[in-house]
Amino acid sequence: MTSQRSLVQVQYCPFFDEIIVDFWIHTERFKMSSKKQDDYMERMRHSASHIMAEAVQHLFPDAKFGIGPTIEDGFYYDFELPRPLTPEDLPIIENEMRKIISQNVPFIADEMSKDKARELFAAQPYKLELIDEIPDSSVTIYKQGSFIDLCRGPHLASTGEVKAFKLTRIAGAYWRGDEKRPMLQRIYGVAFESQEELDNYFSRQAEATKRDHRKLGKELDLFSIHEEIGPGLICWHPRGAMIRQVIEDFWKAEHRKRGYDIVYTPHIAKLDLWKTSGHWEFYRDYLFSPMEIEGQQYMLKPMNCIGHILIYKSKLRSYRNLPLRYAELGTVYRYERTGVLYGLARVRGFTQDDAHIFCRPDQIEEEVLEVLNLIQFMMSSFGFDEYELLLSTRPEKYAGTVSMWEEATGSLKHVLEKLDLHYEIDPGEGVFYGPKIDIKLKDALGHVWQGPTIQVDFNLPQRFNVCYIGEDGLEHNVAMIHRTVLGSMERFLACLTEHYGGAFPVWLSPVQALIIPIADRHVSYAHKIASSFKNDGIRVCVDDRSERMNLKIREAQLEKVPYMLIVGDKEMATSGVSVRLRSGEDLDIKAPTEVKKRIRAAIEARS
RNA sequence: GCCAGCGUAGCUCAGGGGUAGAGCAGCGGUUUCGUAAACCGCCGGUCGUCGGUUCAAAUCCGACCGCUGGCUCCA
């Protein structure tokens, strides 16, 4: 998985525009930020950030200033302060900002030599560091009132033009994003052109919060995480497990159709294997500690590839056998630092929808093409219309030869172009063992998660001597492709839950239809209807509690059950059911066969 | 792992140096009802864990565990 550091730099660091431009001029990403250059909102948010910095300076005269760029919807500024900030500080800083805004002082730009700037910022170590890194001989500064900042601008004409803003949160942030450097205190704020837009922002946030899979997971009874079991370890409840089963069944059927062989491999293996594979050497920080069994060291598997390789190597393979595609819903365990765990999206134990394709080098391109087709099919089946494709190229440390990398990267690129897919290049972000194509999915709160991935591997075939006998009768190293089309079941369910806001399409809904008898005398009729629906393969339940219909409907709505089938005297008299959809729509009395047909059609259309 | 905040009943949350409260859920009744919450009663918590300060700690302090928001990381 790649970091987002590069993207962050482009969007977030106004002080380094020149450097960034040189470096990123050929990438798509630069366009994203350049579009914003003259944007009014950009200037306003950046100005708000300077006003916040001035307010902080008023309150903490000894403050040291880091950087204060704009971000989506707002801005932040990093400070070194004599004491930690608490949430109570935010309104105080906001008030100070309002004072500065009401004074309506102008932003004044100036240009000066770097030496002069060094004098000016003599007490500001972070600014001095920034000055040193600016390639030009002079720098620009911006001044409002008593506050002077090293800054390229542009800004608004004066502080009074900043209209609607709010400081949202405080956070620690390493200087220059480097773990080894001091942690500064970051204040985040949002700013808009009007109070109305600011209000809209907060109501959008509130809507997004409702889609949070961690919240919906509890409300819809999908999964739980227990302190007693351990952080990042998931218990799938019956409803979550139902969704997972449907996805897995669909996944397996689709893989069998496309020439994959489904396999199973053990969850633990001897440590020596992981030494041979290089995991022990390269990823020890992400592995659970080994365990000793009968004097032998064993380890929980962090990846599924080793098992698949050993299956491949269990007999001699001819070039005629290739490609071989081994697929497994393989559960892996990786030690993730506590601070990074996040609901189902970042966990310590997860099930990858993994497969390894063993092929001849000349088959890579076609195999990648087929995988991309499969990914597209899967994404569209689950309603993901928009996702980001990234092609990651050779990093500094790499296995294999430059020519192998170039050839494989070329193949990946060629396939992407052949399929006319829009993608971006992530330079140097490939895994050490080969180039890859990643697909990123966005969650409701705007986090970007790696989902599907296709990775070419030059490392393992060599380390494990994975070969086939070629036409020439000689052994050749096989080409190996790692790939997932969903990512992991856990992360995929997280994204899926947020994507649908918990209202899963009928084919995925744990309960597809809930039968609601109005009074106790309708219960046996309800069960009769239920069993006929069950016989037709529809997941149906009867709410046969002695409760009022209104309560049952309310609860079914909250559970987002797609079909509510109400049965009372009228329905019994006509042998029908009244259909209510979760949209609130009332379809009136229908014949059960008609309703079954309708639900079956929705299931088969995967809608 | 780092910075900040938080941790009170199954859930959502109030309270706060003198030994705990609401709504929902659960349980027991009553109600048998027509498209998003019927009514009455009962049960329920060593206030995350461990240690310290104090006559007295759920409340103050410390450590640890976990969660939240960021940072870093993410094969």
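Convention: sequence-line order gives letters A, B, ...; per-chain numbering from 1. Since the model is a prediction, treat every value here as computed from it, not as a measurement.
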Using the P atom as the reference point in each nucleotide, state the distance between B:G17 and B:C11 in Å, no decimals.
-> 26 Å

What interatomic distance, in whole Å, is found between P of B:C43 and the corresponding atom of B:A22?
-> 12 Å

Do A:Thr453 and A:Thr484 meet the criterion of a side-chain donor-acceptor pair at a distance under 3.5 Å?
-> no

Taken in chain and number order and not counting sequence neighbours, the residues that satisfy side-chain hydrogen bond (donor to acceptor under 3.5 Å, both in side chains) with A:Lys528 are none

Would you please say whether a donor-acceptor pair under 3.5 Å links the side chains of A:Gln450 and A:Arg491?
-> no

Residues of residues 207-220 of chain A with any non-hydrogen atom less than 4.0 angstrom from an atom of RNA chain B: list those, numerically ordered, please.
-> A:Arg214, A:Lys218

Whole-angstrom distance between B:U53 and B:C73, as gauged at atom C1' = 40 Å

Results of side-chain hydrogen bond (donor to acceptor under 3.5 Å, both in side chains) for A:Gln512 - residues two or more places apart only | none

Is the shortest side-chain N to carboxylate O distance from A:Glu129 to A:Arg181 below 4.0 Å?
-> yes

Taking the same atom, P, in B:G5 and in B:G62, what whole-Å distance lies between them?
-> 11 Å

Determine the contact category for A:Phe432: base if any of its heavy atoms lies under 4.0 Å from a base atom, sugar-phosphate if only primed atoms, P, OP1 or OP2 are that close, otherwise nothing.
-> nothing

Can you give the dot-bracket line for RNA chain B, where a pair is Watson-Crick or G-U wobble with both atom distances under 3.5 Å, crossing pairs use [ ], and | marks a partner on another strand?
-> (((((((..((((....[..)))).(((((.......))))).....(((((..]....))))))))))))....

For A:His447 and B:C71, what is the distance between atoms NE2 and C1' respectively, to the nearest whole Å?
-> 12 Å

Base, sugar-phosphate, or nothing for A:Phe282, non-hydrogen atoms under 4.0 angstrom?
-> nothing

Can a salt bridge be assigned to the pair A:Arg325 and A:Glu367 using a cut-off of 4.0 Å between side-chain N and carboxylate O?
-> yes

What closest approach, in Å, do A:Glu571 and A:Val577 show between heavy atoms, and which atom pair accounts for it?
-> CG-CA, 3.7 Å

What residues form a ring-ring contact (aromatic ring centres under 6.0 Å, His included) with A:Tyr188, not counting sequence neighbours?
-> A:Tyr76

Base B:C73 paired with A:Arg346 side chain (donor-acceptor, <3.5 Å) | yes

Mind checking the C1' distance from B:C47 to B:U30? Whole angstroms is fine.
-> 36 Å

Residues A:Lys301, A:Glu328: salt bridge by 4.0 Å N-O rule = yes

Can you tell me how far C1' in B:C24 sits from the matching atom in B:A14, rounded to whole Å?
-> 15 Å

For the pair made of CG in A:Leu341 and C1' in B:C71, what is the distance, rounded to whole Å?
-> 15 Å

Listed partners of A:Asn465 passing side-chain hydrogen bond (donor to acceptor under 3.5 Å, both in side chains), at least two apart | none

Produce a footprint string for nucleotides 33-44 of chain B: one letter per nucleotide, 5' end first; B if the base is under 4.0 Å from any protein heavy atom, S if only the sugar-phosphate is, - if neither.
-> BBBBBB------

Would you please name every residue forming a salt bridge (charged side-chain N to carboxylate O under 4.0 Å, His left out) with A:Arg598, sequence neighbours left out?
-> none

Could you tell me whether A:Arg337 and A:Glu179 make a salt bridge, using a distance below 4.0 angstrom between a side-chain N and a carboxylate O?
-> yes

Report the distance from atom CD of A:Glu336 to atom P of B:G66, rounded to the nearest whole Å.
-> 15 Å

Pairwise C1' distance for B:A25 and B:G18, with rounding to whole Å | 33 Å

Between OH of A:Tyr76 and P of B:G69 the distance, given in whole Å, is 19 Å

Can you give the donor-acceptor pairs under 3.5 Å from side chains of residues 279-289 of chain A to other protein atoms, not counting sequence neighbours?
residue: A:His279; atom: ND1; partner: A:Ser277; partner atom: OG; Å: 2.5
residue: A:Arg284; atom: NE; partner: A:Trp280; partner atom: O; Å: 3.4

Can you list the residues that meet the ring-ring contact (aromatic ring centres under 6.0 Å, His included) rule with A:His527, with sequence neighbours excluded?
-> none

Table of protein N/O atoms under 3.5 Å from nucleotides 1-5 of chain B N/O atoms:
residue: B:G1; atom: OP2; partner: A:Thr338; partner atom: OG1; Å: 2.5
residue: B:G1; atom: N7; partner: A:Gly339; partner atom: N; Å: 3.4
residue: B:G1; atom: N2; partner: A:Tyr174; partner atom: OH; Å: 2.5
residue: B:C2; atom: O4'; partner: A:Tyr174; partner atom: OH; Å: 3.3
residue: B:C3; atom: O2; partner: A:Gly172; partner atom: N; Å: 3.2

Rounded distance in Å - CD1 (A:Ile225) to P (B:C11) = 14 Å

Using whole Å, report how far OH of A:Tyr286 lies from P of B:C73.
-> 9 Å

Roughly how many Å is it from CD in A:Glu228 to P in B:C67, rounded to a whole number?
-> 12 Å

Interatomic distance at C1', B:C71 relative to B:C55, whole Å = 46 Å

Mind calculating the distance between CE (A:Met303) and P (B:C74) to the nearest angstrom?
-> 13 Å

Contacts of A:His356 that satisfy side-chain hydrogen bond (donor to acceptor under 3.5 Å, both in side chains) - sequence neighbours left out = A:His308, A:His482

